[in-house]
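Here's the structure we're looking at; comments come further down.
For the numbers below, each heavy atom of this structure counts, side chains included, while hydrogens, waters and symmetry mates do not. This one's a predicted model, so the numbers in the text were calculated from it and none came from an experiment.
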Amino acid sequence: YLKMLEKSYGTYRTPEHCYAIPFYYYEEHISKNGIKKEILKLMKISKDSVTLINNQLNSIQELIKSHEVNPNLIGGLKKILNSQNEYRKFRFRSSTNSEDIEGFNGAGLYDSKTGILGDSIKSIENAIRKVWASAWTAKAFFEREYFNIKQSDVKMGILAHRSFPNEELNGVAITKNLYREDYY
């Protein structure tokens with residue numbers, strides 16, 4: 001069930017119908033809809049004001065989820081995904097520019113969501129918006145704060161691929177802190 005891609009640097013396995021949504025569309029979404037301004041407001045809140053920070057994070061997430069995603073992106077993605085008849089469910093996996101960097105991996109901080117072609121509730125667009133919004137959960141924000149990652153530079157990309165309906169688990173497992181010897 002895995003498609004092999006031959007590259008000069010080796011052989012990699014990827015799920016069928018695998019596509020990337022670059023940072024560009026996330027950045028466009030938050031800039032065009034005034035969300036970037038709300039993120040900048042968040043940066044001005046005192047780090048001791050946890051309640052105010054959480055309220056602003058919730059507001060940012062709701063704004064991301066309430067605005068339309070670029071119709072060209074959604075239309076193009078649906079066209080590509082509808083060009084095959086084998087799969088209707090697709091998994092949208094988060095990937096930020098603020099994870100897997102030196103001293104910080106961010107594994108498990110962000111959400112993956114399922115989108116179903118033709119479904120009005122679990123739509124492709126809703127899955128994308130929910131993944132983007134997961135960049136602004138309290139756990140993600142405070143973890144980045146702890147590691148001094150510049151919040152206003154965070155961008156979210158997405159890897160979309162066909163869903164694996166029989167999978168029993170979906171997540172990230174870390175068994176050891178790679179950066180601190182005394183924490184497991």
Could you tell me whether a side-chain N or O of Asn97 sits under 3.5 Å from a main-chain N or O of Lys155, the two making a donor and an acceptor?
yes
Enumerate the residue pairs fulfilling salt bridge (Lys or Arg N to Asp or Glu O under 4.0 Å) with a member in residues 132-144, sequence neighbours excluded, ordered by first and then second residue.
none
What do the steps show when you test Phe104 against Leu109 for side-chain contact (heavy atoms from CB on, under 4.5 Å), and what is the final call?
CA-CA 11 Å; Phe104 180 76; Leu109 284 182; 3.6 Å; yes
Please identify each residue that fulfils side chain to side chain contact (heavy atoms under 4.5 Å, CB included) with Lys130, with sequence neighbours left out.
Lys65, Lys113
Within a reach of under 6.0 Å around NZ of Lys47, are more than 12 heavy atoms found that belong to other residues, nucleotides or ligands?
yes
Distance col, row Phe92:CZ vs Ser163:OG, nearest 0.5 angstrom, shows 10.0 Å
Ring geometry between His29 and Trp132 (parallel below 30°, tilted from 30 to 60°, perpendicular above 60°)
tilted
Between Ser66 (side chain only) and Leu63 (backbone N and O only), is there a donor and an acceptor less than 3.5 Å apart?
yes
Distance (rounded to the nearest 0.5 Å) between Ser94 OG and Ile21 CD1:
12.0 Å
With a 4.5 Å cut-off on side-chain heavy atoms, are Tyr87 and Leu81 touching?
no
How many angstroms lie between OG in Ser112 and CG in Leu159, if you round to the nearest 0.5 Å?
9.0 Å
Under the side-chain hydrogen bond (donor to acceptor under 3.5 Å, both in side chains) test, which residues partner Thr96, sequence neighbours left out?
Ser98, Glu99
Checking salt bridge (Lys or Arg N to Asp or Glu O under 4.0 Å) for the pair Lys36/Glu27: CA distance, chi angles, key distance, verdict?
CA-CA 8 Å; Lys36 188 84 163 177; Glu27 187 67 24; 3.3 Å; yes
In sequence, state the C-alpha distance, the side-chain angles, and the governing distance for Trp136 and Leu42, and then conclude on side-chain contact (heavy atoms from CB on, under 4.5 Å).
CA-CA 10 Å; Trp136 299 102; Leu42 173 65; 3.9 Å; yes
Just do the side-chain contact (heavy atoms from CB on, under 4.5 Å) check on Asn54 and Phe142 with the steps written out, would you?
CA-CA 10 Å; Asn54 284 332; Phe142 286 112; 3.8 Å; yes
Is there a path of hydrophobic side-chain contacts, each under 4.5 Å between heavy atoms of I, L, V, M, F, W or Y residues, that connects Phe23 with Ile30?
no
Of all heavy-atom pairs between Ala20 and Pro22, which one has the smallest distance, and what is that distance?
O-CD, 3.6 Å
Once side chain to side chain contact (heavy atoms under 4.5 Å, CB included) is applied, do any residues pair with Ile80, and if so which ones, sequence neighbours excluded?
Tyr19
Is any side-chain heavy atom of Lys89 closer than 4.5 Å to one of Arg162?
no
Decide side-chain contact (heavy atoms from CB on, under 4.5 Å) for Lys78 and Ile74; before the verdict, give the C-alpha distance in whole Å, the side-chain angles of both, and the deciding distance to 0.1 Å.
CA-CA 6 Å; Lys78 284 181 180 178; Ile74 298 300; 3.6 Å; yes
Report the distance from atom NZ of Lys79 to atom CG of Asn82, rounding to the nearest 0.5 Å.
11.0 Å
For the atom pair CG (Asn70) and CD (Glu125), what is the distance rounded to the nearest 0.5 Å?
9.5 Å
Could you grab the distance from atom OG of Ser134 to atom CD of Gln61, nearest 0.5 Å is fine?
8.0 Å
Between Arg91 and Thr114, does any side-chain donor sit less than 3.5 Å from a side-chain acceptor?
yes
Show the nearest heavy-atom pair for residues Ser152 and Ile39, with the distance to one decimal.
CA-CG2, 4.3 Å
Can you name the one residue among Leu73, Ile158, Ile128 that meets side-chain contact (heavy atoms from CB on, under 4.5 Å) with Tyr25?
Leu73
Side chains of Arg93 and His161 only: does a donor on one sit below 3.5 Å from an acceptor on the other?
yes
I'd like to know if the side chain of Thr137 reaches the main chain of Ala140, judged simply by a donor and an acceptor atom lying under 3.5 Å from each other, with no hydrogens or angles considered.
yes
Can you give each donor-acceptor pair under 3.5 Å made by side-chain atoms of residues 115-122, sequence neighbours left out, with the distance rounded to 0.1 Å?
from: Asp119; atom 1: OD1; to: Ile121; atom 2: N; distance (Å): 2.8
from: Asp119; atom 1: OD1; to: Lys122; atom 2: N; distance (Å): 2.7

Could you tell me whether the side chain of Gln151 and the main chain of Met43 form a donor-acceptor pair under 3.5 Å?
no
Taking salt bridge (charged side-chain N to carboxylate O under 4.0 Å, His left out) as the test, write out the residues that go with Lys32, two or more places apart.
none
Connected via hydrophobic side-chain network under 4.5 Å: Phe141 and Leu52
yes
